Amino acid sequence: MNVRRSLARLAPVAVLALAIAGLPACASSAGDDTITLMSLWGGALQTWLVDHVLADFTKQTGIQVRYQLDTRAIDQDLESELQTGTQPDIAVLPSPGDLEAFAEQGALYPLDSALADQTGRYGQQWLSLETAVQPADGGAHKYALPIASGLKSLVWYDPNQLRQLLGPTWNGALPTTWDQLTALTNAISAHGGIPWCMGMASTSTSGWPGTDWIEDILLHQSGPRVYEQWADGISSWQRTPQIAGALATFGSIVANGKNVDGGLDGALLTTFDQADTPMFPPPKNQKKPTDSPPSPPCYLEHAASIGDLDTSLVPGTDYDYFPFPTINSQYANTYEVSGDFVAMFRQSPQAEKLIHYLAQDSTQKEWVQADVQGLLSPDRDVTPSDYPNPVTRRTEQLVSKASVLCFDGSDLMPPGVTTAFYQAVLTYLSDPQRYQDPTRSATLLGELDNSRAAADSAPLTYQCGQ
C-alpha cells in the first residue's frame, strides 16, 4: 500500500492525528527525562497546552516537555533538523500532505504501542484510517490518533453590530443559501458597511484562507465526489469545469474590492488572525463607559474560528456564526473540516507516554472544557455537554449530525501543490477582475496542473465521510 494513499485517508473527520513510519529507535533529543514538542500553536492555545496539559503530564509522570514554538514553515524547519539530527521528539503538523511526505522519507515512527487501548472510541471511518502499511517491514501499523478538530464551513458575525447596521430591515434571519448570502452581502453594502473581513497573510503560507473559500465553494457547489477527485490529484485543475466554476463564484465575492475590508490590498496584507479584529468593538477596558462602540468596517468572516476575543463578550449574543450556505441543494449539510497532526520523530518511552496521555478521554475532555479557539474532539466519549461554550457546543452538534465531512483539500495535497495553490490565490486576488476572463483563469489553473505533475506522487484514495 502506498503510504501517501493510506495516510491521506486520515483526513475525513478533520482532526489532530498522529502519522508515523518506522525507523530504528533512538534516544530522546533532550535527555532521558525531557522530550521536545514542536508546534505552530501560539497565543492562547500555546498557553493552555504548556501551562495545563503539558504541566499536568509532567506532574503525573515526572517527564519534562520542552515546548518549541515554530513561527515560520514547520515542514521546512523539520526537514532541516532531520538533516542535522536535531529534530524534536514530537511535532504538531497542520497538513496530512506534510505527514505523508515525512512518512515516505521514513522519518516517522509507528504508534501501535502508544495507542494499543484506543479502540472503540472513534467511528468506523476512523478505524479504517488508523492503519497503513509501514515501508520498513511491509506490515500494517497504527498511524493516526484523532485528537482535535475544526469546522471550516462557518461564517462569523457580531449580532449586535449587524442589527445596528441593518436596523428594522433585518429580522434576524441568517442565510441558508448562496442567494441569501449574496442578498445579505448586498444589504450590508447598501447600508454603508463593508461585508467581508478577510486576511490572507500568514508568513510562508500566505493565501491559505483563500483556498478555504474555494474548497468550501467547490464542495457545496459540486459535491463530495468532485471534491475527492480534485483533492486526490485525479482531476485536472484546468480541464475540470467545476473547479473553474468555484473560482468564478469566489470572484463574485472579491471581484468588487469594496466588499472586502481594506480592499483587496487590505486582504493581501492583513494576517489571518487579525482579519476579524475590526468586526468587534474594542474591549470594554479600552474605552470609557460613555463611549459608543465604533462601527466595525466589516461584518462577516469565513473561518473555522475567530481570534482571541474580549472575555466579556457573550457567546451567542456578542458573537456567533451560521453554517456556510447551501449552493446546490443536493449537497446540503455537507461541510469542510480541518485538523492538525501530531507525529513522533524520535521514538522513546517518554514520547510514547505523552502520546498516550494526549489520547486519554480525561485529557480530551479537559481540552474541550478549556474552550480554546473553538477546538473540537472527535472522541465519541466527549459529548456536547462537555463543551461549556454554547457556540462551540452547537458546532460539535453540527459536525456530529453532518451528512458528509470533507477534509481541507489543500492540506491533502503534496506540499509543493499546496504551496502553488496558496500562491495562485494571492495572484488571483491581486486582480480578480482580470481572472474573470475564462482564458486567463484557465492559464492560472493550468499552472496548478503543472505543479501537480511535478510533485511526482501517486494519486490519493481519500474519501469524504462522517
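Computation of the quantities below employed the complete heavy-atom set of this structure, encompassing side-chain atoms and omitting hydrogens, waters and symmetry-equivalent molecules. Just so it is clear, the model here is predicted, and its values are computed rather than measured.
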Exercise: identify the closest heavy-atom pair between [X] and [Y]:
X      : Y      : answer
Ser377 : Ser149 : N-OG, 4.3 Å
Gln364 : Asp379 : CG-OD2, 4.0 Å
Asp216 : Ser153 : OD1-OG, 2.6 Å
Cys464 : Tyr227 : SG-CD2, 4.1 Å
Glu396 : Pro384 : CG-CG, 4.2 Å
Glu301 : Ala275 : OE2-CB, 3.5 Å

Quiz prompt | side chain to side chain donor-acceptor pair (under 3.5 Å) between Ser338 and Asp408, worked out | solution = CA-CA 5 Å; Ser338 65; Asp408 184 307; 5.8 Å; no

Quiz item: disulfide (SG to SG under 2.5 Å): which pairs involve residues 183-278, sequence neighbours left out?
Solution: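 Those involving residues 183-278 are Cys197-Cys298.
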
Checking the side chain of [X] only, and the main-chain atoms of [Y] only, is there a donor and an acceptor separated by less than 3.5 Å?
X      : Y      : value
Trp230 : Gly233 : no
Asp386 : Thr383 : yes
Thr177 : Gln180 : yes

Quick one: [atom1] on [X] to [atom2] on [Y], what's the gap to the nearest 0.5 Å?
X      : Y      : atom1 : atom2 : answer
Leu264 : Lys258 : CG    : NZ    : 12.0 Å
Leu162 : Leu174 : CG    : CG    : 8.0 Å
Trp41  : Gln46  : CH2   : CD    : 11.0 Å
Leu93  : Phe341 : CG    : CZ    : 9.0 Å
Arg225 : Ser235 : CZ    : OG    : 12.0 Å
Leu37  : Ile355 : CG    : CD1   : 9.5 Å

May I ask you to test the [X]-[Y] pair for a side-chain heavy-atom distance under 4.5 Å?
X      : Y      : value
Asp276 : Trp156 : no
Tyr331 : His220 : no
Asp371 : Trp48  : no
Gln221 : Asn328 : no
Gln68  : Glu81  : yes
Leu445 : Thr240 : no
Met200 : Pro209 : yes
Leu398 : Leu154 : yes

Indicate whether the side chain of [X] and that of [Y] have a donor and an acceptor atom separated by less than 3.5 Å.
X      : Y      : result
Trp208 : Ser202 : yes
Gln274 : Thr271 : no
Gln76  : Ser204 : no

Practice problem: Check the pair Thr211 / Ile214 against side-chain contact (heavy atoms from CB on, under 4.5 Å), numbers first and verdict last. | Solution: CA-CA 5 Å; Thr211 69; Ile214 295 167; 5.7 Å; no

Exercise. Evaluate the side-chain contact (heavy atoms from CB on, under 4.5 Å) criterion for residues Glu447 and Thr427: first the C-alpha distance (whole Å), next the side-chain angles of each, then the deciding distance (0.1 Å), finally the verdict.
Key: CA-CA 12 Å; Glu447 292 172 356; Thr427 300; over 6 Å; no

Quiz item: Taking the six-membered ring for Trp, are the ring centroids of Phe272 and Tyr422 within less than 6.0 Å of each other?
Solution: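 Distance test on ring centres: not under 6.0 Å, no.
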
Results of side chain to side chain contact (heavy atoms under 4.5 Å, CB included) for [X] - residues two or more places apart only:
X      : value
Thr419 : none
Ala91  : Met38, Leu78, Pro88, Phe345
Pro241 : none
Asp449 : Ser236, Trp237, Gln238

Exercise. List the steps, then state whether side chain to side chain donor-acceptor pair (under 3.5 Å) holds for Tyr321 with Thr395.
Key: CA-CA 9 Å; Tyr321 72 82; Thr395 307; 3.1 Å; yes

Quiz item: Is the Phe324 ring parallel, tilted or perpendicular to the His302 ring (thresholds 30°, 60°)?
Solution: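 It falls in the perpendicular class, over 60°.
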
Quiz item: Can you name the residues that form a side chain to side chain donor-acceptor pair (under 3.5 Å) with Gln436, not counting sequence neighbours?
Solution: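 Only Tyr428 meet the side chain to side chain donor-acceptor pair (under 3.5 Å) criterion with Gln436.
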
Quiz prompt | Criterion side-chain contact (heavy atoms from CB on, under 4.5 Å) on Glu215 and Phe407, from CA distance to verdict | solution = CA-CA 10 Å; Glu215 291 156 4; Phe407 197 80; over 6 Å; no

Quiz item: Less than 4.0 Å between a side-chain N and a carboxylate O, is that true for Asp320 and Arg394?
Solution: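 Between Asp320 and Arg394 there is a salt bridge, with a charged N closer than 4.0 Å to a carboxylate O.
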
Quiz item: Between Asp261 and Thr270, does a side-chain contact (heavy atoms from CB on, under 4.5 Å) hold up when you go through it step by step?
Solution: CA-CA 9 Å; Asp261 182 33; Thr270 301; 5.8 Å; no

